[in-house]
Asker: 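First the structure, which I've put down as structure tokens, then a few questions once you've had a look.
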Amino acid sequence: MQVAELLTFPKNSCPDVLVLGLLQINPPITLLRQELLGKLFKVFLSSHANSGVILAHAWHSQSIQIKPILMLSMADWYHKATQEGDSEHSRLSRILDVAQDLKALSLMLNGQPFPFVIDLAILASRREYLNLEKWLTDKIREHGEVFVAATVKFLQRKIPSITGPGPLKEEAVPKASLPMDCLATILICLQDSVKQMPLGPEVAET
């Protein structure tokens, strides 16, 4: 707690200098260091004069632990958009731009958490950076029911009425973040997965 308090001033006044210092400390990466990096990365995802340099330095760090910390920070920053008075779509667009600048999109789309990665893949497909149907099929083949369940939960979050009684109404679909063609692709891939693999009763029923 004393160390965390000591670092409050640089965290607020010169976060770029603090991040560079934290990235250069020898392993192991302690829990405090993980927490600090996770919070500081969000500063550079929003707006900072040195964002490009800091995020590139972090992504190309020699430590294999840094990339997962950065990706989790991105996912958390994205998911907290609404409660912080921002839009998920604008933050996701910023993250995709960062991923392209770092040439990191392919690796990020192979990561977790799945709901964040699915949303990122949808936006990437809209910009024609990937084939959504092939990506979903590969993911289902690789992760099986775990990914299918995550995709179902993703749809339930985006379109609460999707599992309700009666047909899905087009106006219930948030087209800004989930165009109808992308929704159709996801549903086709989910239907194919039901035919090709044994799913748990809860997932299969949904």
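Quick note: residue numbers are just sequence positions, from 1.
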Asker: In chain order, what residues pass the side chain to side chain contact (heavy atoms under 4.5 Å, CB included) check against A81, with sequence neighbours excluded?
Answerer: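 Side chain to side chain contact (heavy atoms under 4.5 Å, CB included) check on A81 returns D86, E88, R91.
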Asker: Looking at residues at least two apart in the chain, or sitting in another chain, which of them share a side-chain hydrogen bond (donor to acceptor under 3.5 Å, both in side chains) with K42?
Answerer: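 With neighbours one apart ignored, the set is D76.
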Asker: Quick one: CD1 on I95 to CE on M108, what's the gap to the nearest 0.5 Å?
Answerer: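 Between atom CD1 of I95 and atom CE of M108 there are 6.5 Å.
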Asker: Nearest 0.5 Å, what's the CD1-CD1 distance between I64 and I29?
Answerer: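 These two atoms lie 9.0 Å from each other.
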Asker: Please, which pairs that meet ring-ring contact (aromatic ring centres under 6.0 Å, His included) have at least one residue in residues 2-26, sequence neighbours excluded?
Answerer: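 Checked against ring-ring contact (aromatic ring centres under 6.0 Å, His included) - neighbours excluded - no pair reaches residues 2-26.
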Asker: Listed by chain and number, what are the side-chain hydrogen bond (donor to acceptor under 3.5 Å, both in side chains) partners of R127, not counting sequence neighbours?
Answerer: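 Applying side-chain hydrogen bond (donor to acceptor under 3.5 Å, both in side chains) to R127 gives S93, D97.
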Asker: Contact between I66 and F41 at the side-chain level, heavy atoms closer than 4.5 Å - yes or no?
Answerer: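 Heavy-atom side-chain distance check passes, below 4.5 Å.
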Asker: Side-chain heavy atoms nearer than 4.5 Å, only ILVMFWY residues, links allowed to pass through others: does that put L6 and L36 together?
Answerer: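 Result: no, two separate clusters.
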Asker: Restricting to non-hydrogen atoms, name the atom on A121 and the atom on L130 that form the minimum distance, rounded to 0.1 Å.
Answerer: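 Looking at all heavy atoms of both residues, the shortest contact is O-CD2, 3.2 Å.
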Asker: Got a sec, which residues hit side chain to side chain contact (heavy atoms under 4.5 Å, CB included) with L107, two or more places apart in sequence or on another chain?
Answerer: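 W59, K67.
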Asker: Determine whether a donor-acceptor pair (N or O, by modelled atom type, separation under 3.5 Å) exists between the side chain of S13 and the backbone of P10.
Answerer: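 Answer holds: no.
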Asker: Could you work out, with side-chain hydrogen bond (donor to acceptor under 3.5 Å, both in side chains) as the rule, every residue matching D101, not counting sequence neighbours?
Answerer: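 With neighbours one apart ignored, the set is empty.
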Asker: Can you tell me if CD on E142 sees more than 12 non-hydrogen neighbours from other groups inside 6.0 Å?
Answerer: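 Count over threshold, so yes.
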Asker: Say you draw a straight line from CG of L136 to SG of C182; how long is it, rounded to the nearest 0.5 Å?
Answerer: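 L136 CG to C182 SG: 9.5 Å, rounded to 0.5 Å.
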Asker: Answer yes if L178 and L109 sit in the same cluster of Ile, Leu, Val, Met, Phe, Trp and Tyr residues linked by side chain heavy atoms under 4.5 Å apart, and no otherwise.
Answerer: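 Same cluster.
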Asker: Transitively linked via ILVMFWY side-chain contacts under 4.5 Å: L187 with V148?
Answerer: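 In one cluster: yes.
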Asker: Verify the cluster assignment for M74 and Y129: are they in a single hydrophobic cluster under the rule of side-chain heavy atoms below 4.5 Å apart?
Answerer: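 In one cluster with M74: Y129, yes.
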Asker: Would you kindly confirm whether L190 and V146 end up in one hydrophobic cluster when ILVMFWY residues are joined by side chain heavy atoms under 4.5 Å apart?
Answerer: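 In one cluster: yes.
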Asker: For E133, which residues count as a side chain to side chain contact (heavy atoms under 4.5 Å, CB included) partner, sequence neighbours excluded?
Answerer: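 In terms of side chain to side chain contact (heavy atoms under 4.5 Å, CB included), with neighbours along the sequence ignored, E133 is linked to N131, T137, T185, C189.
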Asker: A quick test of your reading: do over 12 heavy atoms of other residues, nucleotides or ligands sit less than 6.0 Å from CD of Q62?
Answerer: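 No, the 6.0 Å shell around CD holds no more than 12 heavy atoms from other groups.
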Asker: Residues two or more places apart in sequence or in another chain: which of them pass side chain to side chain contact (heavy atoms under 4.5 Å, CB included) with N50?
Answerer: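 Testing N50 for side chain to side chain contact (heavy atoms under 4.5 Å, CB included), a comparison that skips the adjacent residues, returns D16, H48, I54.
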Asker: Check ring pair (Phe, Tyr, Trp, His ring centres under 6.0 Å) between F114 and all other residues, then give those that pass, not counting sequence neighbours.
Answerer: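 Only H143, F147 meet the ring pair (Phe, Tyr, Trp, His ring centres under 6.0 Å) criterion with F114.
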Asker: So, using side-chain hydrogen bond (donor to acceptor under 3.5 Å, both in side chains) as the criterion, who are the partners of K39 when residues are at least two apart?
Answerer: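 side-chain hydrogen bond (donor to acceptor under 3.5 Å, both in side chains) check on K39 returns nothing, list empty.
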Asker: When rounded to the nearest 0.5 angstrom, what distance separates CE in M71 from CG in N110?
Answerer: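 Between M71 CE and N110 CG, I get 8.5 Å after rounding to 0.5 Å.
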Asker: Would you mind listing every side-chain hydrogen bond (donor to acceptor under 3.5 Å, both in side chains) that reaches into residues 18-30, with sequence neighbours excluded?
Answerer: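 Non-adjacent pairs meeting side-chain hydrogen bond (donor to acceptor under 3.5 Å, both in side chains): zero.
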Asker: Using a 3.5 Å distance criterion without hydrogens, assess whether the side chain of K153 forms a donor-acceptor pair with backbone atoms of P115.
Answerer: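 No.
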Asker: Can you find a pair of side-chain heavy atoms, one from L20 and one from H57, that are under 4.5 Å apart?
Answerer: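 Result yes, sub-4.5 Å side-chain heavy-atom pair found.
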Asker: Can you establish whether the number of heavy atoms outside E84 located under 6.0 Å from its atom CD is more than 12?
Answerer: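 Yes, the 6.0 Å shell around CD holds more than 12 heavy atoms from other groups.
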Asker: Near L31 CG, under 6.0 Å, is it more than 12 heavy atoms from other residues, nucleotides or ligands?
Answerer: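 Counting neighbours around CG of L31, more than 12 heavy atoms of other residues, nucleotides or ligands fall under 6.0 Å, so yes.
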Asker: Any side-chain heavy atom of W135 within less than 4.5 Å of one from I118?
Answerer: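 Yes, at least one pair of side-chain atoms sits under 4.5 Å.
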Asker: Taking R33 for its side chain and I25 for its backbone only, find out whether a donor-acceptor pair lies under 3.5 Å.
Answerer: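 Yes, the answer is positive, given that a donor and an acceptor are paired below the 3.5 Å cut-off.
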Asker: Do V19 and V43 have side chains that get closer than 4.5 Å, going by heavy atoms?
Answerer: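 No - every pair of side-chain heavy atoms lies 4.5 Å or more apart.
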Asker: Under the rule for salt bridge (charged side-chain N to carboxylate O under 4.0 Å, His left out), what residues qualify as partners of K134, not counting sequence neighbours?
Answerer: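 For K134, the residues satisfying salt bridge (charged side-chain N to carboxylate O under 4.0 Å, His left out) (neighbours in sequence not counted) are D138.
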Asker: What I'd like to find out is whether the side chain of L105 reaches to under 4.5 Å of the side chain of L120, using heavy atoms alone.
Answerer: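 Yes, close enough: below the 4.5 Å cut-off.
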Asker: Is there side-chain contact between L55 and L45, with heavy atoms separated by less than 4.5 Å?
Answerer: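 Yes - at least one pair of side-chain heavy atoms lies under 4.5 Å apart.
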Asker: Out of curiosity, K11 NZ to L22 CG, how far, rounded to the nearest 0.5 Å?
Answerer: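 K11 atom NZ to L22 atom CG measures 11.0 Å (nearest 0.5 Å).
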Asker: Could you report the tightest heavy-atom contact between G111 and V117, atom names first, then the distance?
Answerer: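 Closest approach of G111 to V117: O-CG2, 3.4 Å.
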Asker: Are the side chains of S51 and R94 in touch, meaning some heavy atoms are under 4.5 Å apart?
Answerer: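 Sidechains of R94 and S51: in contact.
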Asker: Would you compute the distance between atom CG of L155 and atom CZ of R157 and round it to the nearest 0.5 angstrom?
Answerer: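 Here the interatomic distance stands at 11.5 Å.
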Asker: Counting only N and O atoms by type, is there a donor-acceptor contact under 3.5 Å from the side chain of S125 to the main-chain atoms of L132?
Answerer: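 No; judged by distance alone, with no hydrogens or angles, the pair does not exist.
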